[in-house]
There are 4 protein chains.
Amino acid sequence: MKKKAEERKDQVLKAAFQAVANHGFDAVTLQHIADQAGVSKGVVHYYFQNKETILSQLLESITAKIYEAEHRAITEKQTAIEKLNAYVHSVFLSPEKNKKFYRVYMDFLAQASRNPLYREINYHFYENCWGIGCEIITLGKKEGTFSANLDVEKSAKMMRAMIDGCLIQWLMCGQDDLHDFYKQSCLESISTLLTSPE
Amino acid sequence: MKKKAEERKDQVLKAAFQAVANHGFDAVTLQHIADQAGVSKGVVHYYFQNKETILSQLLESITAKIYEAEHRAITEKQTAIEKLNAYVHSVFLSPEKNKKFYRVYMDFLAQASRNPLYREINYHFYENCWGIGCEIITLGKKEGTFSANLDVEKSAKMMRAMIDGCLIQWLMCGQDDLHDFYKQSCLESISTLLTSPE
Amino acid sequence: MKKKAEERKDQVLKAAFQAVANHGFDAVTLQHIADQAGVSKGVVHYYFQNKETILSQLLESITAKIYEAEHRAITEKQTAIEKLNAYVHSVFLSPEKNKKFYRVYMDFLAQASRNPLYREINYHFYENCWGIGCEIITLGKKEGTFSANLDVEKSAKMMRAMIDGCLIQWLMCGQDDLHDFYKQSCLESISTLLTSPE
Amino acid sequence: MKKKAEERKDQVLKAAFQAVANHGFDAVTLQHIADQAGVSKGVVHYYFQNKETILSQLLESITAKIYEAEHRAITEKQTAIEKLNAYVHSVFLSPEKNKKFYRVYMDFLAQASRNPLYREINYHFYENCWGIGCEIITLGKKEGTFSANLDVEKSAKMMRAMIDGCLIQWLMCGQDDLHDFYKQSCLESISTLLTSPE
DNA sequence: AATGAATGAGGCTTCATTCAT
DNA sequence: TATGAATGAAGCCTCATTCAT
């Protein structure tokens, strides 16, 4: 029973992601979501109180997934450089996937600037990302790869700012073939920031 | 005559800006805009063909204003360092103004990932921003302040990515008192990127 | 299930007929139709994509009904004269019914002069009517009742023109008591046309 | 002053005719009419109380013009046959003109079935048309061209019914090249009705 | 547990009409 | 006289939500 319900909710959330990716946050309807999930509109309301509940759980779900992927990527590597590389590569996955995920994510960011609930969810995601940054930077300092006098927390935040800034700029340019340019440039810039003396 | 009409349109656009800032891009209604402007709903349609027209002109208007302010800021300064400083300060204006402007701007970015018209307008804004970056960097190289081997265009893009990334991260944290932290960190990071040898 | 939906659509179409009869084609609103049907406005949109869909289906429905009644009437009779009589009588049903039906029909004709969809539906109705005429005339020629040298198709068209012309003229006079006069005169005229030698 | 006003009203009515011909009775707006007349919307309201006033005066105007043309046509001829010919030819003027005039006229007929004012105006037009019919038939009887036992008034009405029925049927078929067929058939039918013995 | 029919609030838009200039 | 800016009522349509089955 409980299991079935969990599966159902997951099914709806997956459908919601697709639906939001296709139609946009404010254009998506519960009908879109139900259609995408291959269920009736009633089901959606049966498992979720209302539209906002679905969407906030969707935000939680996708930020969790992004973080998991990032975390998995760096765990597999040993050195700070390798981890940094893996991190950035796990963010710049592919034009198609980035487009889909970041479109949805940007929709949520826009909402989050007004909706405290979304903001909180996103903040949690930020904390996770900063955590990854701190881990890499701390290791790099220990290795002697990165500057000894780096402010770890500050650098982690700048690192994430760079990543988001690049990904958004890429997304807004609408040119898939620039994906590699932005990935490389982002990586270079972060490296410079972390290795620059003083 | 013509003048009056222009003023009216401006009045409506200003009201639209306030209304979008308050309610968000997808929750704003023409009634909100009319109320904010202190006019009847009919007036809005008298000066603008439809809702999308208002919103796209609003995007044009605010990106133009942001750019103008940035451009004005750097024009007043002489050295590359001063210009860079002025640029970042003109972006990080104040918590209140940044919040309002960037909320609206983020709404548009979210839309732009799907709407080509918005994307085009934003691209034009990007070009302007990159132009400012290029100007500063070129001057800095000439002065010898910045690294001689910088790729001017690439650096300009990374510069803007850093700025947007920081501003968005600040906005999403919902803490006004971090405004200064992000301004300073952003400036530092860009400086590092531009002055780091090789 | 399907049955229920069909009934609902029928209910709405019937209501639409009443509403158009009462308010006229261009003054009728979806609210009128919903009220007449005793349902909420939403129901109308649930079963019909939009207003035009309702109205075109209404045109199809009423022309089909008129034709069916006419066809049924002539089928029951044997001789050409009897059939002709029955045909005209089935058209000139009663002042009340004619008024309601032809008011609506005239609204559609007015629209049809510009709207190809309506024109097509009406043309189909014309073809049916001409078919009835042809059937009667062909039989009459075979019987020797009607002139041997009649152009069947042309005569069928003139027959219908006479019928519509009379009914419209009657409707426009606004005098119910002339209904019988027009019915008889119409019948006489058609008889004359079909029996006149040469 | 008075003269200027009359000219202005005429100008607006002519524009109204074009506008209704183009957009249809219920889709036409005062802006269409003003544009067509090359004047401002205010002018239209200055010379006409409201929209209905314009439209009813337009109906009067066009029925008067149709009648005048018909009357002029038969006046120029001597014999009943010639007059009848001229009459029908003056009605079936040309595909283009008939389309424009009858579209507008049909719009009014549809309205007239509900609006007493329009109905009255149209009735006056009918009387004029019947008058023409009576004149022709009476002459034909005197000449011995038409059947002696014709009921003049009734025949005049049937004559007009035939004309309107044919013109409407032609209009609804949407085939310009059938214009001649309907004109000839209409004339033949009327001739048959009027010459048939008994 | 699931469906989808029904509701009705609320949005965008059109347009006749008014009125200050 | 003439203009056209401004109003606001009213229409169509969408869609989250409810509820009987």
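Labels below follow one simple rule: chain letters A, B, ... track the order of the sequence lines, proteins then strands, and each chain is numbered from 1. Values below: every heavy atom of this structure, side chains too, minus hydrogens, waters and symmetry copies.
Across all strands shown, A/Val28 has heavy atoms under 4.0 Å from sugar-phosphate atoms exclusively, and none from any base.
Figure legend. F/dC12 is base-paired to E/dG11; pairs are counted as Watson-Crick or G-U wobble with both atom distances under 3.5 Å. Under the Watson-Crick or G-U wobble criterion, with both distances below 3.5 Å, E/dA6 is paired with F/dT17.
Judged by distance alone, with hydrogens and angles left aside, B/Lys41 brings a side-chain donor or acceptor within reach of the base of E/dT13, the pair sitting under 3.5 Å.
In this model, no donor atom of one side chain and acceptor atom of the other lie less than 3.5 Å apart for C/Gln111 and C/Asp107.
If you measure from atom NZ of D/Lys9 to atom P of F/dA2, you get 14 Å, rounded to the nearest angstrom. As rounded to whole Å, 14 Å separates atom C1' of F/dC12 from atom NE2 of C/His32. Rounding to whole angstrom units, CZ of residue A/Phe48 and C1' of E/dA1 are separated by 15 Å. Atom CD1 of A/Ile54 is separated from atom P of F/dA16 by 9 Å (rounded to the nearest Å). Rounded to whole Å, the distance from CG on A/Asp26 to P on F/dT14 is 16 Å. The CD-P distance, from B/Glu52 to E/dC12, rounds to 13 Å in whole Å. The NZ-C1' distance, from C/Lys51 to F/dA10, rounds to 11 Å in whole Å. The distance from atom CG of B/Leu55 to atom P of E/dG11 is 15 Å, rounded to the nearest whole Å.
Checking F/dA2, F/dA6, E/dT18 against every side-chain atom of B/Val43, the shortest atom distance belongs to F/dA6. Listed nucleotides: F/dC13, E/dT7, E/dT17. Nearest to the side chain of C/Asn50: F/dC13. With F/dA6, E/dA2, F/dG4 as the choices, the nucleotide that has an atom nearest any side-chain atom of A/Tyr47 turns out to be E/dA2.
Annotation: side chain of A/His32 is not in contact with side chain of A/Gln36 (no heavy-atom distance under 4.5 Å). Annotation: side chain of B/Ile33 is not in contact with side chain of B/Gln18 (no heavy-atom distance under 4.5 Å). Side-chain contact check for A/Met106 versus A/Met172: some heavy-atom pair is nearer than 4.5 Å.
Toward the 5' end of DNA chain F, the nearer of the two residues C/Leu30 and D/Arg8, judged by each one's closest nucleotide, is D/Arg8. Mapping C/Thr29 and C/Gly42 onto DNA chain F by nearest heavy atom places C/Thr29 closer to the 5' end of the strand.
Aromatic rings from C/Phe125 and C/Tyr105 are positioned such that their centres are separated by under 6.0 Å.
An OP1 or OP2 oxygen of F/dT1 is reached within less than 4.0 angstrom by no side-chain nitrogen or oxygen of D/Tyr46.
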